[in-house]
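Convention: sequence-line order gives letters A, B, ...; per-chain numbering from 1.
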Amino acid sequence: MELYGLLLTILLVLAFLVLHSRRPAAGVVLVGTQSMALALTAAWWGREQGLWEMYLAVLFIVAVKGLAIPWVLLRAVRRTGSHLEQGVWGPNALLLVAAALVALAFYTTSRWTGTFGPETGLALPVAIGVVLVGLVVMVGKRLALTQVLGLLVMENGLFLTALAMTGSLPVLVEMGILFDALVGAVIMTMFCARINDTFATQDTSKLSTLKG
Amino acid sequence: MKLIWLLLIPILAGAASAAAPDRRLAHWLSGLGSALTFLAGMLVALPVLAGAGVAREAGGLFRVDALSALLVAVIVIVGAMAALYSAGYMEKEVAEGVFDPRRLKWYYLWLHVFIFTMLLTVTVDNLGLMWVAIEATTLVSALLVGFTHQRASLEAAWKYIIICTVGIGFALLGTILTFAAAQQALGEAGGTLDWTALVEAAPSLPVGLVKLAFIFILVGYGTKAGLAPMHTWLPDAHSQAPSPVSALLSGVLLNCALYGIVRFHIIVSGSPAGDFSANLLLLFGLVSMGLAVPFVLTQQDIKRMLAYSSVEHMGIMAVGFGFGGPLAVYGALLHLVNHALTKAMLFLVAGNLAHRYHTRQMARIKGAAQAMPVTGTLLLLGAFAITGSPPFGLFASEFSVLTAGFHQGRLIPAVLFLLFIAVIFAGFAYYAGKMALGGLPARIPRGEKLEWQAALVILPTLVVLALGIYMPPALDQALEAVAGVVRGV
């Protein structure tokens, strides 16, 4: 249980670090690390509950979210060159917003975690918190690639939610979700590169011709 | 086996047209593929719609009831329209140097895979796999939206993929919550995402969790279905995509997302949460209709106007499902068919106009009826059809929904509904009249060769016209059967 709590803390802290990082390459590494922490959490859960299918899920999470997706993203970073993220607001303001949202997530989920076991009660607020921090990354950052990172953080939060609330989703569904995540990452990085070439910037706030 | 073929053919069609050594052959293979998809779709859908009962395959992994069958039919019809029309449309785009002709193979590959993902969405029984399929529709269609690599289309594709992927993340949360609700009702080992099992278990599902799940589902899939206020990606994507793709997005993709919502709506309606989902659908439907009004009235770009009109029509369907009851649900389903045909046809007409006038700005498209007699006439007919004027089919479906609303004594929603469609009618008629009948600028060449592709636009128009005058008993019974599935009877 202590290890479990530690893993959950790491997941949440990594989400904040992604929000704080200004270099896309560093962000990619942080997201990859977060995915590995997610896989460890799933492994802990599988051992605790004696669910052998969980190890299959762990394997897929490591392969897809921990290795393949970061590799795809790092290649994109290398191709488009290093850009420095200038958030919509300053980094401290974004951290404050994220912290407030996480506090809100802890407060609201605490009201009905009583109906679940202690494992769920501990993980659910963290999971919703990670989803919300991911959302702040998406909305508060400007570079196309950082927005993809926000999306990946959100996805990790959703995986944790599924783990916390249901133990495990049907294996076929989990594989489908991971497949979509991988294809999505490939397609989005393709668009990042294309935007970079066409607009000579990765700043998505420059994408503003379509209105009304 | 029929169902497996239906899912395999589009993939094979896409691969074959992508592998074709020259453009001519690619057009042919894609056209042939879409015709085969059409045939396979009808072979799957028609028996079910005629009352042959639910079709299952691969151990219940795939399941086609009347609701799925209706969607399959609409997807393969509009899919064939879009694929066949693409041949002429893409050749004109190549001639104008809009994109590198060597990339045409990618267009066809993605187009057919896009059709595959939509067919998968409406034929899998498992709601988790349905989520996977709907997310896949976003990923593939984003490639099609950004296909020309022009600045505006890249911008539209980026906004589309980001907004819809985030939106659909919420739908995944809703799906997870539904699974948790099933576990609470059926025990830890009884957790399921199979729709059939969930409908059976619905009466014992916990109210709080079901309500929370539906909110996330509605926000998530509602983003994809273009329900306001989550519709912001829609006008950009619909206006920047190649016209055949716009036809698919508006005619069937939005319906696939709405289908996802309806599947959950059926579960919630059978659960102790009761009317919760119906009331939310009614609310979001009315908001979508109301929000579309000012945007339709002030648009300058013809495809953007059609896109906002889609927001309105998805609203109309949501209101129909929200009212509930036999008449309103029947009306909503009939509207789904009518809207799919009419809006797809209008996007193809808009594509014709844009090629002739070299603009999508409505102020610069004048005298279309003189310049292009067939397209101009169809523009006028389509505009009257889409605004629900008699004798077109959309009048019948909108009237059914409206009558049901009044019968149920829901005066305020019904009056708002009437008001919104009346104002949009005025706006549409004004713009379409000016485009079709205004004075033709001298720079625009006159005359239009009647090519076979014109049939792709004329046929659906005739069908929508016919549906307003005469309802074939077979279709009537089929829609009754689908309404039965939606109402859980």
Side-chain angles (χ1 to χ4, degrees), chain A residues 49 112 115-117 120 124 127-128 131 134-135 138-139 144 147-148 150-151 154-155 157-188 190-192 194-199 204 206-212, chain B residues 61 124 126-136 138-140 142-143 146 149-159 161-163 165-166 168-170 172-173 175-177 179-184 188 191-194 206 208-209 212 235-237 239-240 295 298-301 304 308:
Chain A
Q49 313 267 330
W112 43 284
T115 53
F116 299 105
T120 304
L124 196 60
I128 303 292
V131 171
L135 207 59
M138 295 215 51
V139 179
Q147 292 184 331
V148 178
L151 204 62
M154 253 185 93
E155 269 178 16
L158 286 170
F159 257 84
L160 190 60
T161 313
L163 193 68
M165 293 215 54
T166 68
S168 99
L169 290 175
V171 175
L172 198 60
V173 175
E174 249 168 22
M175 279 168 54
I177 295 171
L178 283 171
F179 176 75
D180 274 351
L182 181 60
V183 175
V186 171
I187 291 177
M188 283 177 212
M190 265 170 55
F191 274 121
C192 285
R194 190 66 62 186
I195 287 170
N196 192 66
D197 293 353
T198 310
F199 291 79
T204 52
K206 298 285 189 292
L207 305 181
S208 58
T209 47
L210 299 172
K211 284 203 180 78
Chain B
L61 188 61
V124 286
N126 184 301
L127 294 174
L129 292 179
M130 183 180 83
W131 183 91
V132 173
I134 295 185
E135 168 67 2
T138 307
L139 299 174
V140 186
L143 290 169
H149 289 176
Q150 287 169 337
R151 291 174 79 101
S153 65
L154 275 178
E155 179 184 337
W158 182 255
K159 285 182 182 166
I161 199 168
I162 290 293
I163 294 174
T165 308
V166 171
I168 216 165
F170 289 110
L172 182 58
L173 199 55
T175 309
I176 293 166
L177 292 173
F179 188 78
Q183 280 182 328
Q184 283 197 7
E188 193 77 15
T192 180
L193 281 173
D194 289 342
L209 215 46
L212 193 63
D236 295 346
S239 63
Q240 297 306 319
F295 287 98
T298 58
Q299 264 333 297
Q300 280 146 21
D301 180 316
R304 285 187 86 84
Y308 276 110

[atom1] of [X] to [atom2] of [Y]: how many Å apart, nearest 0.5 Å?
X      : Y      : atom1 : atom2 : result
B/L212 : B/L177 : CG    : CG    : 5.0 Å
B/I163 : B/I168 : CD1   : CD1   : 13.5 Å
A/D197 : A/C192 : CG    : SG    : 11.0 Å

When the 4.5 angstrom heavy-atom criterion is applied to A/A144 and chain B, the contacting part is both

Under 4.5 Å from any heavy atom of chain B, what part of A/L151 do you find: side chain, backbone, both or neither?
side chain

Heavy-atom pairs under 4.5 Å with chain A, option from [options] with the top count:
options                        : result
B/L143, B/I161, B/D301         : B/L143
B/G146, B/G191, B/A142         : B/A142
B/Q183, B/E135, B/Q240         : B/Q183
B/L173, B/N126, B/L127, B/V140 : B/L173
B/I176, B/L193, B/L61, B/T298  : B/I176

Give the member of A/T204, A/V173, A/I195, A/V148 that has the highest number of heavy-atom pairs under 4.5 Å with chain B.
A/V173

Please determine, among A/Q147, A/M154, A/M188, A/M190, the option with the most heavy-atom pairs under 4.5 Å with chain B.
A/M188

salt_bridge(B/R151, B/E155) N-O dist < 4.0 Å:
no

Does the ring of B/F295 carry B/R304 above it, NZ/CZ under 6.0 angstrom from centre and within 45° of its axis?
no

Does a sphere of radius 6.0 Å around CZ in A/F179 hold more than 12 heavy atoms from other residues, nucleotides or ligands, not counting ones at 6.0 Å or beyond?
no

Taking atom CD of B/Q300 as the centre, report whether more than 12 heavy atoms of other residues, nucleotides or ligands fall under 6.0 Å from it.
no

Where on B/A182 is there a heavy atom nearer than 4.5 Å to chain A: the side chain, the backbone, both, or neither?
neither

